Amino acid sequence: MYMKQTITKLLGTFINVTAVLFPKWSTNFSFNLFCKVRAVGYSEKGKEFMATATTTFLEVGGHSAVLHRWGTGPKNILFLHGWMSHSQRWQTYIDTLDLNEYSVYALDAPGHGMAKGNHLNLEIYRKAVVQAIEKAGTIDTLLSHSLGGLVVAYSYLFDPALPVKRFVIMGSPSGMDSIFNYFKALLGLSGRAMAHLKEKANSILKIPHDQIYMEHFFRTVTQPILIIHDKSDTITPFKPIQKAVQHKKHIEIVVTEGLKHDLKGEEVYAAVIACIQKEPVTLKRSQSA
């Protein structure tokens, strides 16, 4: 552990020095590091489960994504996983749903699950989500965990006409800046290095990074939302989300204790399935303020 921390800090020092001497090279290096994915494979049980799906491979701006489908029902459900995860995380939910009533889709983002590559950023993930929705049609319920929730917010803020009737947001970070702050603290990056990194990100994102935060999404969105978050989540702290949802009538929140960031527990499964089974009603914009 000590050796890993030392290497991480040395890497940060290297980026800080090159940010002064070779700013363009350093910016590209740090951005690629920021977006680099370490793939997590499926378990044997997961491989058996994924084999029951109809799988479609997507090309997303030179990257690979994979869309899995179960069921043939008229109501469309789409699941989005977080960083270093994949579609197996949704097995409990999919096993519970009536696949004659629902068509259930789960996306492996680029560099995750069955998708090739080792690189992911918010814009690449957004493009993959757009492709998935185009193939599935209007989504009755869009469910996301962790980074997937921020992708949902980013996608909607860029295009409020996204054909989704209802959102379930689980364990989401509070915004893009919270991810930048984590990266800065992890490597000990200088203000100059971070300024370069943010400038690079803004050249790729469709809206500036400082506009991509959950409170902005909660204030803007017109559809009903279910938020699930754990009080003891140290990966994506609860307090910023709690503050962001205050006085939002279209938002229901379920707060757990002890499930941490994974949010795997019977109370969560029950709340999500109950939400999916409700008939979604789109709210008027005046109600979302």
Side-chain angles (χ1 to χ4, degrees), residues 32-72 76-97 99 102-137 139 141-155 164 167-173 179 204 228 235-236 259-264 268-269 272-273 276:
N32 287 334
L33 182 64
F34 183 69
C35 300
K36 188 175 179 61
V37 176
R38 180 168 60 85
V40 176
Y42 286 105
S43 68
E44 288 303 315
K45 181 180 178 182
K47 291 176 183 177
E48 293 176 5
F49 170 66
M50 300 309 297
T52 65
T54 300
T55 296
T56 303
F57 292 84
L58 308 176
E59 287 300 319
V60 184
H63 299 267
S64 163
V66 182
L67 184 64
H68 309 280
R69 175 180 177 172
W70 295 262
T72 56
N76 290 327
I77 310 298
L78 176 60
F79 289 99
L80 306 177
H81 63 74
W83 187 260
M84 288 178 59
S85 186
H86 45 54
S87 296
Q88 184 184 344
R89 101 165 321 271
W90 306 114
Q91 181 174 355
T92 299
Y93 303 97
I94 296 168
D95 284 344
T96 303
L97 291 168
L99 298 181
Y102 298 96
S103 290
V104 182
Y105 297 85
L107 184 67
D108 280 344
H112 292 72
M114 294 185 188
K116 297 178 182 178
N118 61 357
H119 186 93
L120 181 67
N121 61 51
L122 225 59
E123 175 58 12
I124 295 170
Y125 204 160
R126 183 196 70 82
K127 287 180 177 178
V129 171
V130 169
Q131 278 202 37
I133 293 175
E134 287 175 349
K135 288 191 173 293
I139 303 299
T141 308
L142 175 54
L143 304 98
S144 59
H145 177 250
S146 196
L147 180 67
L150 194 59
V151 172
V152 168
Y154 170 53
S155 301
V164 176
F167 299 95
V168 178
I169 308 289
M170 305 169 65
S172 173
I179 298 176
I204 293 170
I228 303 177
I235 305 298
T236 58
L259 297 182
K260 300 183 180 180
H261 187 61
D262 279 348
L263 290 170
K264 293 181 178 179
V268 173
Y269 303 146
V272 169
I273 294 300
I276 290 173

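Counting from 1, the numbers follow the sequence of the chain as shown. Treat the numbers as computed from the prediction; the structure is a model and nothing was measured.
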Is the shortest side-chain heavy-atom distance between [X] and [Y] below 4.5 Å?
X      : Y      : value
Leu78  : Val104 : no
Leu67  : Thr55  : no
Val152 : Ile169 : yes
Asn76  : Ser103 : yes
Val66  : Leu58  : no
Val168 : Leu142 : no
Tyr102 : Thr141 : no
His119 : Pro110 : no

Pairing residues for Ala106 by the side-chain contact (heavy atoms from CB on, under 4.5 Å) criterion, not counting sequence neighbours: Trp70, Phe79, Ser87, Trp90

Qualifying residues under side-chain contact (heavy atoms from CB on, under 4.5 Å), relative to Lys116, sequence neighbours excluded: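 With neighbours one apart ignored, the set is Ser64.
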
Side chain to side chain contact (heavy atoms under 4.5 Å, CB included) between Ile228 and Val272, intermediate numbers included: CA-CA 9 Å; Ile228 303 177; Val272 169; 3.5 Å; yes

What is the minimum heavy-atom distance between [X] and [Y], and which atoms define it?
X      : Y      : result
Leu263 : Gly171 : CD1-N, 3.5 Å
Met84  : His112 : N-NE2, 2.9 Å
Phe57  : Met114 : CE2-O, 4.3 Å
Ile124 : Val60  : O-CG1, 3.6 Å
Ala65  : Ala128 : CB-CB, 4.0 Å
Asp108 : Gly113 : OD2-CA, 3.7 Å

Val129/Leu80 under side chain to side chain contact (heavy atoms under 4.5 Å, CB included): CA gap, chis, key distance, verdict: CA-CA 8 Å; Val129 171; Leu80 306 177; 3.8 Å; yes

Nearest 0.5 angstrom please: [X] [atom1] to [Y] [atom2], how far?
X      : Y      : atom1 : atom2 : answer
Gln88  : Met50  : CD    : CE    : 8.0 Å
Ile276 : Ile273 : CD1   : CD1   : 4.5 Å
Phe49  : Thr92  : CZ    : OG1   : 8.5 Å
Tyr125 : Leu147 : OH    : CG    : 6.5 Å
Lys127 : Glu59  : NZ    : CD    : 12.5 Å

Close aromatic pair by centroid cut-off 6.0 Å: His86 and Tyr42: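 Under 6.0 Å, so yes.
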
Arg69 vs Thr56, side-chain hydrogen bond (donor to acceptor under 3.5 Å, both in side chains): CA-CA, chis, key distance, verdict: CA-CA 8 Å; Arg69 175 180 177 172; Thr56 303; over 6 Å; no

Please confirm whether the backbone N or O of [Y] pairs with a side-chain atom of [X], one donor and one acceptor, at under 3.5 Å?
X     : Y      : value
His81 : Ser144 : no
Arg89 : Asp262 : yes
Gln91 : Gly46  : no

Aromatic plane relationship, Tyr269 with Tyr93 - under 30° parallel, 30 to 60° tilted, over 60° perpendicular: perpendicular

Parallel, tilted or perpendicular: rings of His145 and His261 (30°, 60°):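 Geometry flag for His145 against His261: tilted rings.
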
Side-chain ion pair, Glu48 and Lys45, N-O less than 4.0 Å: no

